[in-house]
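Notes to accompany the following structure.
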Amino acid sequence: MAGNLVQGALFTVMVVRAGMLRDTAFDRELEQQIGRSPRFFLNAPVVLDLKDTEGFTTEDEFLDIGEVLRRHTLALVGVQNALPEQMTAAAAAGLASFAPNATQPSRRAAETAAAAPAVRTTNRTTARLVTEPVRSGTQIYARGTDLVVTAAVSPGAELVADGNIHVYGALRGRALAGASGDVEARIFCSRLEAELVSIAGRYLVSEQLPPEQHGLAVQIALVDDQLTVTKN
Amino acid sequence: MTKPGTARGRENLVAKVVAITSGKGGVGKTTTAAAFAAGLALRGHKTVVIDFDVGLRNLDLVMGCERRVVFDFINVINGDANLNQALIKDKRVDNLYIFPTSQTRDKDALKREGVERVLEELKQQFDFIICDSPAGIEHGAVTALYFADSAIIVTNPEVSSVRDSDRIIGILASRSRRAERNEPAVETNLLLTRYDPSRVAKGEMLTVEDVQEILSVPLLGVIPESESVLRASNTGTPVAFDEDSPAGRAYLDAVARFLGEQREMRFVQPERRGFFRVLFGRA
């Protein structure tokens with residue numbers, strides 16, 4: 001059936017900042033992290049974030065990085081925030097381009113500004129908005145942005161966002177904010193009954209959540225690397 | 001092609017495919033499918049109830065027609081028999097037909113194109129096509145709900161059943177044909193079965209409000225836990241035929257609400273034992 005030939009799917013992918021790779025401590029830290037949960041990282045896809053990174057203009061550089069990551073059982077699949085020359089080199093190395101792509105919005109903004117200077121356009125990605133209840137077994141990923149849910153999130157449902165997560169209803173499933181490492185991300189909900197909350201990889205399961213906060217409107221943030229739940 | 005039933009002024013009506021589903025097994029899907037189909041037929045709607053539980057055929061037993069099965073759903077899908085050879089007419093009420101499934105095949109025999117063709121053919125003859133879904137979220141269950149215009153989610157007042165129902169509501173909203181074609185969503189209603197008000201009062205079961213709060217879909221009815229349901233299944237009589245039993249009346253109420261009538265919710269409060277009942281120790 002031709003209709004089923006191409007289907008959309010959402011995946012959670014790890015993002016590694018290219019700058020970090022040049023740090024000598026990176027190798028060791030990555031090894032330790034993988035050692036803690038080797039199954040989770042086995043053949044896991046990785047996107048290389050080139051934001052504010054010089055170099056990476058030749059195919060070989062990407063192939064080398066791919067080799068380094070492969071030694072750690074990770075598979076480099078694409079790049080993010082690449083400049084045009086970096087993108088060309090990455091494509092030559094067989095890597096995909098993942099949004100957000102730094103070059104396009106700024107160029108489009110510049111064009112729009114030139115064409116119609118009176119109209120102010122913001123190219124900030126708006127939050128992903130979900131107005132229906134999020135049912136058990138459903139996973140929603142707000143890539144590169146915030147996730148706003150204006151209904152209940154059922155047990156067994158999973159919210160993932162690179163930015164903040166807001167739930168205007170009962171949060172009974174899992175919520176993972178700052179999924180690509182943003183430690184500033186927060187989770188807000190009007191009723192905390194979550195199975196798991198996580199920010200930038202730090203997580204608490206329901207039995208670790210403070211029982212006195214159960215059922216309350218709260219926000220969850222990382223404070224000194226500790227997940228902290230405060231009443232709103 | 002001449003179609004029986006077309007003379008009944010069917011041209012004004014659009015046949016409705018109703019999936020009876022739940023995710024979890026043993027919550028009362030087949031009982032509900034049988035009772036609902038019987039209830040709709042009693043109200044004068046030409047109704048067929050189809051067993052989608054290929055390989056675990058039960059609907060014919062619950063409908064009391066197991067000795068009349070010759071051809072089945074899979075035969076018709078495969079073109080080995082035509083529809084009217086396989087449909088079994090109920091002997092107790094006009095307008096009610098049973099479409100049994102195969103006991104020797106499995107769910108893989110449910111080819112989507114074949115199911116679609118059979119449903120289109122049924123739509124020419126019937127007002128309501130009730131699909132009794134198998135448990136689970138695999139091929140059989142998804143095929144049963146894929147073509148639905150309306151779904152009745154059968155749930156027991158306990159957490160695992162509620163969670164599975166939630167999952168199946170999510171599948172209806174994302175994987176039904178209406179969802180795939182961006183048509184108006186499948187109309188989804190909740191039916192709470194095996195509800196025991198006295199156990200709810202003791203905190204052993206979830207309340208109607210608890211279940212509604214989690215699932216947030218309209219409530220079609222509450223069917224009290226009742227011996228009459230078991231008796232009905234074992235004698236092959238849809239419980240909706242038993243107007244003396246609370247479960248039978250609750251199903252008839254649910255059918256009426258499904259057809260758009262307002263009915264007061266009964267059987268949700270613990271029954272007060274009357275003086276004589278206490279005296280004679282009868283439940």
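Any value given below was found using the heavy atoms of this structure, including those in side chains, with hydrogens, waters and symmetry copies removed. Sequence lines set the chain letters: A, B, ... in the order given, protein chains first and strands last, and positions in each chain run from 1.
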Checklist entry - Roughly how far, to the nearest 0.5 Å, is the OG atom of A:Ser136 from the CD1 atom of B:Ile169? => result 10.5 Å
Checklist entry - For A:Arg135 and B:Val217, which heavy atoms make the closest approach, and how far apart are they? => result NH2-CG1, 3.7 Å
Item to check | Contacting moiety of B:Glu213, where chain A heavy atoms sit under 4.5 Å | outcome: both
Next on the checklist: Take a 6.0 Å sphere around CD of B:Glu120 and say whether it holds more than 12 heavy atoms from other residues, nucleotides or ligands.
Outcome noted: yes
Next on the checklist: Do B:Ser216 and A:Glu132 have side chains that approach each other closer than 4.5 Å (heavy atoms only, starting at C-beta)?
Outcome noted: no
Checklist entry - Between A:Pro155 and chain B, which part of the residue has a heavy atom less than 4.5 Å away: side chain, backbone, both or neither? => result both
Checklist entry - Quick check: are there more than 12 heavy atoms from other residues, nucleotides or ligands sitting under 6.0 Å from CD of B:Glu261? => result yes
Checklist entry - Counting only heavy atoms not in B:Arg266, do more than 12 fall under 6.0 Å of its CZ? => result yes
Item to check | Greater than 12 external heavy atoms within 6.0 Å of A:Glu212's CD | outcome: yes
Checklist entry - Which residues pass the side chain to side chain contact (heavy atoms under 4.5 Å, CB included) test with A:Ser180, sequence neighbours left out? => result A:Val15, A:Asp162
